[in-house]
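Here is how names work: the chains are called A, B, and so on, in the same order as the sequence lines, proteins then strands, and each is numbered from 1.
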Amino acid sequence: MHIDFLQSPVVVARSLIGWTLLVNGVGGVIVETEAYDMDDEASHSFRGMTARNAAMFGEPGTAYVYRSYGLHWCLNLVCGPSGHGAAVLVRALEPTNGIDTMQQRRGVQALRLLTTGPGRVAQALGVDRSLDGLPLDRPPFALSPPGVARAVSIGVRVGITKAADRPWRFAMTGSAHLSRKL
DNA sequence: CTTTCGATGATCT
DNA sequence: GATCATCGAAAGG
């Protein structure tokens, strides 16, 4: 079983819910994602390729990492046809692997605060610019399929002002680890 | 419980 | 010079 990263970001974002994402063995189950596409005003790729978003136009199945608000990192999974400028933002995980490491990196104990939100996910998993453009199917990354099928809820994206009405946010129904209620 | 606001710096206009 | 795909602390109800 594998994710087909050639699919559209909406399809990939939906498919990723329930998969386990690890970086150097640390991480958890993906419970919240958002899709971003080229003809999407909210997307970094909307105005074409720049130095920052170059990885977004790279090979599907690679990482796009950017700095947010000058102090957080955010992790995206590039998808769509090569050079399409589409990606899925990983917004929240349910912590499962390397919890002690994540607690140290985050400086908090509560599982609830470890990986709920894109900035927190990146900090807990040790994601930074050095992973930008790297393939997701080999170390330090690891992606493994869900054990059991889970229901997925759909809503609008978070923290954007443009194209804010697109229902491009996906979450595991009933998860206690969402960045915001869906 | 909810809302507001400061931090902080790369990126783009 | 303005804008941010955020977080956390503080203030207000």
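Rounded to the nearest 0.5 Å, atoms CG (A:Leu114) and CD (A:Gln109) are 8.5 Å apart.
Taking every side-chain heavy atom of A:Leu71 into account, B:dA7 is the closest of C:dC4, B:dA7, C:dA5. When each of B:dT11, C:dA5, C:dT6 is scored by its nearest atom to the side-chain atoms of A:Tyr69, the top-ranked nucleotide is C:dT6. Of all nucleotides listed (C:dG8, B:dT11, C:dT6), B:dT11 comes nearest to the side chain of A:Arg129.
Projected onto DNA chain C by closest heavy-atom contact, A:Lys162 and A:Val108 fall at different nucleotides, the more 5' of which corresponds to A:Lys162.
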Subject >> Dot-bracket notation for DNA chain C, counting Watson-Crick and G-U pairs under 3.5 Å, with | for partners on another strand >> reply: ||||.|||||||.
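We find that CZ of A:Arg180 is positioned 11 Å from C1' of C:dT6, with the value rounded to whole Å. Rounded to whole Å, the distance from CD1 on A:Ile160 to P on C:dT3 is 17 Å. The separation between A:Leu114 atom CG and C:dT6 atom P is 19 Å, rounded to whole Å. Atoms CZ (A:Arg67) and C1' (B:dA10) sit 8 Å apart, rounded to a whole Å. The CG-P distance, from A:Leu113 to C:dT6, rounds to 17 Å in whole Å. Rounded to whole angstrom, the span from the CZ atom of A:Arg166 across to the C1' atom of C:dA5 amounts to 14 Å. Whole-Å rounding puts the A:Leu75 CG to C:dT6 C1' distance at 15 Å. The separation between A:Trp73 atom CH2 and C:dA5 atom P is 15 Å, rounded to whole Å.
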**OP:** Assess whether ring pair (Phe, Tyr, Trp, His ring centres under 6.0 Å) is satisfied between A:His44 and A:Tyr36, documenting all intermediate values.
**Re:** CA-CA 8 Å; A:His44 291 168; A:Tyr36 288 89; 7.4 Å; no
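At the heavy-atom level, A:Gly70 lies under 4.0 Å from base atoms of the strands shown. Across all strands shown, A:Arg157 has no heavy atoms under 4.0 Å from either base or sugar-phosphate atoms.
Here the side chain of A:Ser45 pairs no donor or acceptor atom with the backbone of A:Gly48 at under 3.5 angstrom. Within the 3.5 Å criterion, the main-chain N or O of A:Phe46 finds no donor-acceptor partner in the side chain of A:Asp39. A:Glu94 places no side-chain N or O within 3.5 Å of a backbone atom of A:Gly28 that could act as its donor or acceptor partner. A:Thr115 contributes no side-chain N or O that, together with a main-chain N or O of A:Val121, makes up a donor-acceptor pair within less than 3.5 Å. Looking only at distances, a side-chain donor or acceptor of A:Arg120 sits under 3.5 Å from a matching main-chain atom of A:Thr116.
Contacts of residues 35-56 of chain A with DNA chain C (heavy atom under 4.0 Å): A:Tyr36, A:Ala42, A:His44, A:Met56.
Under the side chain to side chain contact (heavy atoms under 4.5 Å, CB included) test applied with A:Asn76, the options A:Thr33, A:Val65, A:Thr62, A:Leu89 reduce to a single match, A:Leu89.
Judged as a side-chain hydrogen bond (donor to acceptor under 3.5 Å, both in side chains), the pairs with a partner in residues 130-159 of chain A (not counting sequence neighbours) are, in order, A:Asp40-A:Arg157, A:Asp128-A:Ser130, A:Ser153-A:Thr173.
The existence of a salt bridge linking A:Glu32 and A:Arg91 is confirmed by a sub-4.0 Å separation between a basic side-chain nitrogen and an acidic carboxylate oxygen.
Checking the phosphate oxygens (OP1, OP2) of C:dC7, no side-chain nitrogen or oxygen of A:Arg106 falls inside 4.0 Å.
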